[in-house]
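For reference, the structure is listed below as structure tokens.
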Amino acid sequence: APTYSIMISGHCRAGNTERCTELYKEMTGKGFTPDLLLCNSIIDTFCKAKNVDDALQVLDKMSKVGAKPDVVTYNILLDGLHKANMLEKADELFSTMVANGCAPDLITYSTMLDGLCKRNRIKQAQEMFDTLLEKDLVPDIVTFNILMDGLCKAGKLDEAKDLLDVMSEHNVAPDGVTCTILMNGLCKDKRTDEAVKLFMYMKEKGSVVDVTPHNIVLLGLCREGKLGQALMFFNRMVKSEGEFSPDVVTYTTLVNALIEVGKVDRAVEYFQRMTDSGLAPDYVAYNTLMNGLKKQGRFIQADRLTEAMKAKGFLTD
RNA sequence: AGUUGUGUGUCCGUCC
């Protein structure tokens, strides 16, 4: 059984859902019972693969063999259900959890908070935040970042900045993710210059500034039509050699920007450069180029790209 | 030993 545990958790972490499922079936078939931590890993792997139904079945099996799910089990499933838009199931599970004597913790509330924020239910999210305080739970940086992002995406940038004060009242210092969330909010509000200021501030402060804030600045420049600056910025990213090297999102942002100004050949060039640099385009990357090719009537190239997508398993129908 | 919540790209949808 420990052998299975190690193998399964390895595949789980690698995101190899199929192999993970196979091994799990094989293990249970042989009469071995996965322990709680392994069950949680498996459930999480299913959830992250958007396979919440199988995840729930693992929960069912657990209760059959009398294994008690813990708060982590419930948190994982609540997150999966929210992200799969199964809200009624999520509420149901929350009730089950409480009925089974499992006390919701900070992560439970943060997970639900995120679910509300992502649906733009800001008012309810703020109520959830108050509830969490009433329960004497202590919000951490992730809780605040979730709320910060919700406020920014709802266009409430002023309230987002006010939240910084609330954070310091709770002795929670903003981190790189907080800054990135605010930068993104500023960019989406067409305040790229302010976002860049925040970006520079982060760099001056010596924080670790990874590829994500760079991608946000790049997108901001592209949206402002400053393609020349965007390309210079991109070149600096290439030279960073690892610290904030371009990723699939970086390339997709540029490909899209080039398409929008009608430079499809250059877009194709950058797409090629992405694969040449050893990055594997994802569905969004393919879709971006595909739409550009079709918009320009490049049907032969589009067909060729369709074949590539099929070969990679991105088109299942 | 190993498990859960937060930030960036395309299209579509929802709201205005």
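In what follows, chains carry the letters A, B, and so on, assigned in the order in which the sequence lines appear, proteins first and then strands, with residues in each chain numbered from 1.
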TODO: Would you check if the side chain of A:N100 reaches a backbone N or O of A:C102 as a donor-acceptor pair within less than 3.5 Å?
DONE: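 Here the side-chain-to-backbone pair does not exist.
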- [ ] Indicate the ring-plane relationship of A:F314 and A:Y283, choosing parallel, tilted or perpendicular according to the 30° and 60° boundaries.
- [x] tilted
Open item on the list: Using a strict threshold of under 4.0 Å (side-chain N to carboxylate O), is an ion pair present between A:D105 and A:K135?
Closed with: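 No.
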Open item on the list: With a 4.0 Å cut-off on N to O distance, would you call A:K83 and A:D79 a salt bridge?
Closed with: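 Yes, this pair counts.
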Could you tell me how far apart [X] ([atom1]) and [N] ([atom2]) are, to the nearest whole angstrom?
X      : N     : atom1 : atom2 : answer
A:N40  : B:A1  : CG    : P     : 16 Å
A:L36  : B:U3  : CG    : P     : 13 Å
A:L116 : B:C15 : CG    : P     : 19 Å

Task: Side chain proximity check, A:L93 to A:L78, heavy atoms < 4.5 angstrom - done: yes
- [ ] At under 4.0 Å between heavy atoms, which parts of nucleotides 4-11 of chain B does protein reach? Answer with one letter per nucleotide, 5' to 3': B base, S sugar-phosphate only, - none.
- [x] BBBBBBBS
